[in-house]
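To find a chain, count down the sequence lines: A is the first, B the second, and so on, and within it residues start at 1. Scope of the values below: all heavy atoms of this structure, side chains included, with no hydrogens, waters or symmetry mates.
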Amino acid sequence: MMKFQIFFVTILSLSLWQCEKDDICSESTPTTPKLIIRFYDFDNPDTLKDVENLKVYGIDESGNQIEINGLGIVTTDSLVLPLPTHLNEVQFEMFKGYENSETPGNKDVVLTGFQTNDIYVSRACGFKTHYSELSAQNTADSDQWILNLEVIQTEINNTIHAHVKVYH
Amino acid sequence: MHMSKFITSLFLIPLCLAVGSAQEASDNIVVTDSMTTDSLHVPVKFGIRLGADLSGLGRSVFTDNFQGFELQGDYRITERIYAAGEIGSADRNIDEPNINFSSKGTYIKLGGDFNFYRNWEGMDNMIYGGMRLGLSKFSQTINSYTTYTTNQSWPSPETISEIKYDNLGATWIEFQFGMKVELLPNIFGYVNFQLKRLISNKSDGNIDNLYIPGFNRTYEDGQIGAGMSYGISYRIPFYKK
């Protein structure tokens with residue numbers, strides 16, 4: 001009789017050690033998409049054209065420069081830029097012919113606006129943000145290298161197709 | 001959380017041991033009693049047994065992420081077969097790295113138990129396997145979340161939300177394995193382990209049901225759940241047969 005009760009207590013104690021498997025957000029999970037900008041020749045609008053020594057900073061709501069992770073000084077005809085998930089508009093400072101902060105080259109500012117929509121992904125990953133009603137314009141200054149820009153895709157829900165064309 | 005659960009159970013252990021020795025004395029009386037009656041069939045008590053889950057009670061008292069209770073009952077049909085069920089409520093808050101949410105609701109589980117254990121004369125213990133059909137009705141609230149990005153250039157602050165989904169429901173089939181031990185006459189301690197599989201799971205469509213009262217937490221790519229429970233029950237004896 002006593003043995004039965006000892007067995008019961010043993011089983012009861014064992015039941016208190018329980019572990020739970022944790023879900024991990026896998027690298028391949030579709031995440032918050034980024035803004036894709038492609039650069040075209042102003043005189044020949046169907047032809048892609050590299051921007052020489054391009055450096056891009058984001059500007060946050062307090063006016064601080066935000067370094068874009070993984071993006072240095074590049075000569076390229078396409079840019080992939082992360083957008084903030086908690087704002088509805090953001091400026092990007094684009095420097096053409098950038099060398100360093102002393103000689104930053106020609107700065108143009110592009111203002112983008114958008115609506116955000118947070119979408120559930122999974123227990124481990126949380127939510128992701130999709131963007132809609134994308135708008136983009138360049139602010140005028142005395143020496144512009146960006147001559148025109150055009151939003152070709154107002155919904156940003158993947159990082160496959162270009163959303164904005166910039167002519168220079 | 002695990003620690004407090006462990007502490008709660010420590011209170012139970014001396015209780016079990018104390019009543020164990022007390023019962024040995026009463027066993028002797030039963031043995032002599034049965035000597036005078038027909039020794040081929042030892043009558044067993046039939047009745048309804050009602051119990052309260054102490055694991056949930058302990059978590060309600062010692063942690064602030066769970067409020068709930070569970071009542072449990074069984075009715076003896078034959079010497080070894082019981083109709084059994086549980087009814088309960090749960091309000092569970094879970095803080096995952098990227099989501100903080102609460103699930104709140106009630107559940108009922110109905111089925112039966114089969115006692116594998118061959119009792120000696122005068123004993124009335126169970127080592128049993130059981131099956132249940134479970135049904136839960138609940139709501140889920142997303143209290144806050146963070147947005148998943150692979151480029152952390154911009155700060156991504158936690159978003160405080162109060163997204164509430166009502167009228168969620170789930171059904172499942174449950175297998176139980178457990179013990180019920182008579183600690184004092186008609187007073188039982190029980191412990192069981194539960195393996196569950198979802199049959200239906202009605203979510204809002206936008207977001208998965210992350211925790212289902214009675215079923216417990218869900219997993220992303222599966223229908224399987226698990227649980228355990230322990231507590232104390234009392235048998236109201238109806239007759240001996």
Checking B:Gln140 against B:Tyr211: is there a side-chain donor and acceptor pair closer than 3.5 Å?
no
Is chain B contacted by the side chain of A:Ile68, its backbone, both, or neither, given a heavy-atom distance below 4.5 Å?
both
What residue in B:Ala226, B:Gly189, B:Pro97 has the most heavy-atom pairs under 4.5 Å with chain A?
B:Gly189
Side chain from CB out, backbone as N, CA, C, O: work out which of these in A:Ser122 comes under 4.5 Å of a heavy atom of chain B, or both, or neither.
both
Quick check for you: among A:Ile119, A:Leu87, A:Thr29, A:Val121, which has the greatest number of heavy-atom pairs under 4.5 Å with chain B?
A:Thr29
Look at A:Gly70, A:Pro33, A:Gly58, A:Pro84 and state which one has the largest set of heavy-atom pairs under 4.5 Å with chain B.
A:Pro84
Pick from A:Asp118, A:Leu81, A:Asn69 with the largest number of heavy-atom pairs that fall under 4.5 Å of chain B:
A:Asn69
Which of parallel (below 30°), tilted (30 to 60°) and perpendicular (above 60°) describes A:Tyr167 and A:Tyr40?
tilted
What part of B:Asp208 gets closer than 4.5 Å to chain A, counting heavy atoms only: side chain, backbone, both or neither?
both
Does any backbone or side-chain atom of B:Thr146 lie under 4.5 Å from a heavy atom of chain A? Answer side chain, backbone, both or neither.
backbone
Pairing of A:Arg38 and A:Glu150 as salt bridge, 4.0 angstrom limit:
no
Residue A:Leu83 versus chain B: region with a heavy atom under 4.5 Å:
backbone
Are B:Arg76 and B:Asp124 within salt-bridge range, i.e. N to O under 4.0 Å?
yes
Could you verify whether a donor N or O on one side chain and an acceptor N or O on the other, from B:Arg80 and B:Asn115, lie under 3.5 Å apart?
no
Please classify the contact of B:Tyr190 with chain A as side chain, backbone, both or neither, using a heavy-atom distance under 4.5 Å.
backbone
Within 45° cone and under 6.0 Å: B:Lys180 NZ/CZ vs B:Phe188 ring
no
With distance as the sole criterion, is a donor-acceptor pair present between the side chains of A:Ser26 and A:Ser28 under 3.5 Å?
yes
